[in-house]
Amino acid sequence: MDNKASEYWRANIRLVSILLVIWFVVSYGFGIILAEPLNTIRVGGVGLGFWFAQQGSIYTFVVLIFFYASRMSKLDREFGVHED
Amino acid sequence: MDLTYIVVFATFALYIGIAFWARASSTGDFYVAGKGVHPVANGMATAADWMSAASFISMAGLIAFNGYGASVFLMGWTGGYVLLAMLLAPYLRKFGKFTVPEFIGERFYSKTARLVAVICLILASITYVIGQMKGIGVAFSRFLELDYATGLGVGMVIVLFYAVLGGMKGITYTQIAQYCVLILAYTIPAIFISLNLTDNAIPQLGLIGKMADGSGTYMMDRLDQVVSDLGFARYSTQLSGGELNMFVYTLTLMIGTAGLPHVIIRFFTVPRVKDARSSAGWALVFIAILYTTAPAVASMARLNLMNTIQTGPVGDPTANLEYDKRPQWFKNWETTGLLKYQDKNGDGRIQYYNDKNPEMAKKAAQWGWKGNEMVKVDRDIMVLANPEIANLPEWVVAIVVAGGLAAALSTAAGLLLAIASSVSHDIIKGMINPDISEKGELMASRLSMTGAVLLAGYLGLHPPDFAAGTVAIAFGLAAASIFPVLMMGIFNKRMNRQGAVWGMIAGIGVTMLYVFQHKGIMFIPGTSYLGDMGPNWFLGITPNAFGAVGALVNFVVAIIVSRMTSEPPEHIQHLVEDIRVPKGAGAATGH
């Protein structure tokens, strides 16, 4: 793999890693592991842990994918590997 | 009931019309809709394909009875799209083939790998179709007022007719129509019920809002109170099988999502790599509309159900519904055999409480209650019964039935297509007879669909679990076999043929042993072995949640085996480098 291609790949891996950390934190972190302590904070009538498990994590997932798609399109152009 | 017939037949006529108009004439059309589907349209079709009877009919019912513990389905069946969008879809689209085993066969330069992948894929897909059949059986038995088995039979015939005719092109356009039907059918009653019960018409806000009765109590607090008073677990904190089980369960469903062939092949139908990424996002938007509504539907349905049967303070003898005064929906569901009442203490009233809770049982005994009298409440009836329980107008009930059928049909069709393409494209064309004509290949596809429906229908007579639970097992199988090998194929250049084959075999093998040990071989009752092992004996993990463990085994075995054997040939390493960049993605080809 030439330098430019491996640099593109590294940038991609870096972006994906950051986004997957967020993915993990909102679902497994807030929704499951930390749910009990977070439930002491209330969002309306439900605990925050419960809210993340049944609502918040899903909203975050949607945002993550669109953010990823737009950043990758930018990376594709920067490295000249985009489709025409 | 007449209105229900009209609505259901009108939607069916629409789907069949679309399927006929866009029917497949070539294998390209049949498998990947000729690659010309816009990402938003593809996202919508993916959402319909994805949201099956398990999501539409079964999931809210499971949430209604398992509360917080059922969050695993909500997170698990949405979070997988993040993995799909970032780890698989763009690369598989760049690779540009028709089927998942085709990628595996080529990346691991091995017909054996392709064959093992086909077998894993068929096992997962068949299990998934069994789950759909349960949902279809429930919907048809209620709609036509038949017993469950006959309803299932009617459903099989319709699924078959519909999937065999269409192929991917027909399926894609029909699925867009089905998405519209199913999402309206899900959200309209949810809005009505939220408006009736809480201070907010938007279900997602009603969930966290206050009761509409002016008491100032939050809906969730009220629900927690009502269920605890009857000895059930508190809704908002009950776990399913402990925290570790929930963690593993969620992980299984997420990676299963990213390993299920009928979802992955959806991303082969868009024109560019770029579109594969955003299409996953659009799919999730359309899915999220239903998935964020489901917790509201679930909690409100549970509250309404409880309030219907327990009409006043617990313990007051007049506060239990009289059986003779039971509402019409109750009678309708009794016909299907999915709801059963037994008057244990002979007072003609219904006592619905948790008799397994010792404290509650003691209190109940003082009131002259002799056990829970709702001896069967099938979770899968909740969504369909929900509008009736809430006394919504009949047209709402009608569209819910139509929506449930749309969800079940669209997914069953997508899965059958994945099974058919594996058999005809991967096994027959790829291995047995490479010179088969397009016509012959289409014929083989259609025959294998028929075989799959018959088998799944037969196994669906005694499903291993509620629809969503059965589907979860399918996810476990996909998670343990397909996902790890795809991911390593893209991200680990050193991964070779031997590693992939042994990884898949080990992963799916471990998972199947665990599931079948609990649920019987191919879920046939009475065939479980190792009878003396306790339930959930591995760290308390339930069989439905076990796929993530299988996936871990797959990764470990594959990496160890690949290190002990020679590295893949140079052209394969170039192939991996090539799929990592979007540039140069052409239309997919079958060769």
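In what follows, chains are A, B, ... by sequence order, proteins preceding strands, each numbered from 1. Small disclaimer: the values here were computed from a predicted structure and weren't measured.
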* With only heavy atoms counted, which part of B:Ile63 is less than 4.5 Å from chain A, the side chain, the backbone, both or neither? -> side chain
* Qualifying residues under salt bridge (Lys or Arg N to Asp or Glu O under 4.0 Å), relative to B:Arg302, sequence neighbours excluded -> none
* Are B:Pro582 and A:Met72 close enough that some pair of their side-chain heavy atoms sits under 4.5 Å apart? -> no
* To do: Heavy-atom pairs under 4.5 Å with chain B are the metric here; pick the option from A:Phe52, A:Tyr59, A:Trp51 that has the most.
  => A:Tyr59
* Count the heavy-atom pairs under 4.5 Å between each of A:Leu15, A:Thr60, A:Ile33, A:Asn39 and chain B, then report the option with the highest count. => A:Ile33
* Asked: Step by step, would you call A:Trp23 with B:Met86 a side chain to side chain contact (heavy atoms under 4.5 Å, CB included)?
  -> CA-CA 11 Å; A:Trp23 165 83; B:Met86 296 184 194; over 6 Å; no
* Asked: Should A:His82 and B:Lys274 be marked as a side chain to side chain contact (heavy atoms under 4.5 Å, CB included) after you check the CA-CA gap, both sets of side-chain angles, and the distance that decides it?
  -> CA-CA 8 Å; A:His82 58 286; B:Lys274 210 175 125 187; over 6 Å; no
* Asked: A:Gly45 and B:Met220: which non-hydrogen atoms are nearest, and at how many Å?
  -> O-CB, 3.6 Å
* Heavy-atom pair of closest approach, residues B:Tyr68 and A:Ile32 -> OH-CA, 3.6 Å
* **SB check B:Asp221 A:Arg42 (cutoff 4.0 Å)** => yes
* Is the number of heavy atoms from other residues, nucleotides or ligands within 6.0 Å of CD (A:Glu78) greater than 12? -> yes
* Are the side chain of A:Tyr68 and the backbone of B:Gly281 linked by a donor-acceptor contact shorter than 3.5 Å? -> no
* Using a cut-off of under 4.5 Å for heavy-atom pairs, which of B:Ala283, B:Ala280, B:Pro90, B:Gly79 has the most such pairs with chain A? -> B:Gly79
* Going from CD1 on B:Ile208 to CZ on A:Phe50, what distance comes out if it is rounded to the nearest 0.5 angstrom? -> 11.0 Å
* Using modelled atom types only, decide if a donor and an acceptor are shared between the side chain of B:Gln204 and the backbone of A:Gln55 within a distance under 3.5 Å. => no
* Structure fact -> Heavy-atom closest pair (A:Phe61 atom, B:Leu284 atom, distance to 0.1 Å) is CB-CD2, 3.5 Å
* Counting heavy-atom pairs under 4.5 Å to chain A, which of B:Phe491, B:Phe247, B:Phe73, B:Tyr291 comes out on top? -> B:Phe247
* To do: Mind telling me whether B:Tyr91 and A:Trp9 have parallel, tilted or perpendicular rings, with 30° and 60° as the class edges?
  => perpendicular
* Minimum heavy-atom distance between A:Tyr8 and B:Arg580, given as atom pair plus value -> CE2-O, 3.4 Å
* Among the listed options A:Val46, A:Ile58, A:Val62, the residue most often paired with chain B at heavy-atom distances under 4.5 Å -> A:Ile58
* Asked: Is the shortest heavy-atom distance from the side chain of B:Leu83 to the side chain of A:Leu20 under 4.5 Å?
  -> yes
* Could you pull out all residues at least two apart from B:Phe286 that satisfy ring pair (Phe, Tyr, Trp, His ring centres under 6.0 Å)? => B:Tyr179
* Asked: To the nearest 0.5 Å, what is the distance between CZ (A:Phe24) and CE (B:Met254)?
  -> 9.5 Å
* **Trace of the side chain to side chain contact (heavy atoms under 4.5 Å, CB included) decision for B:Val82 with A:Leu19** => CA-CA 9 Å; B:Val82 178; A:Leu19 297 179; 6.0 Å; no
* Asked: Relative to each other, are the rings of A:Phe66 and B:Trp282 parallel, tilted or perpendicular (30° and 60° limits)?
  -> perpendicular
* Atom of A:Ser57, atom of B:Met75 and distance for their closest heavy-atom approach -> OG-CG, 3.4 Å
* Asked: With distance as the sole test, does A:Gln54 use its side chain to make a donor-acceptor pair with the main-chain N or O of B:Leu74 at under 3.5 Å?
  -> no
* Considering all heavy atoms of both residues, which atom of B:Arg277 and which atom of A:Asp76 are nearest to each other, and what is their separation? -> NH1-OD2, 2.9 Å
* Atom group of B:Leu87 that falls short of 4.5 Å from chain A, counting heavy atoms -> side chain
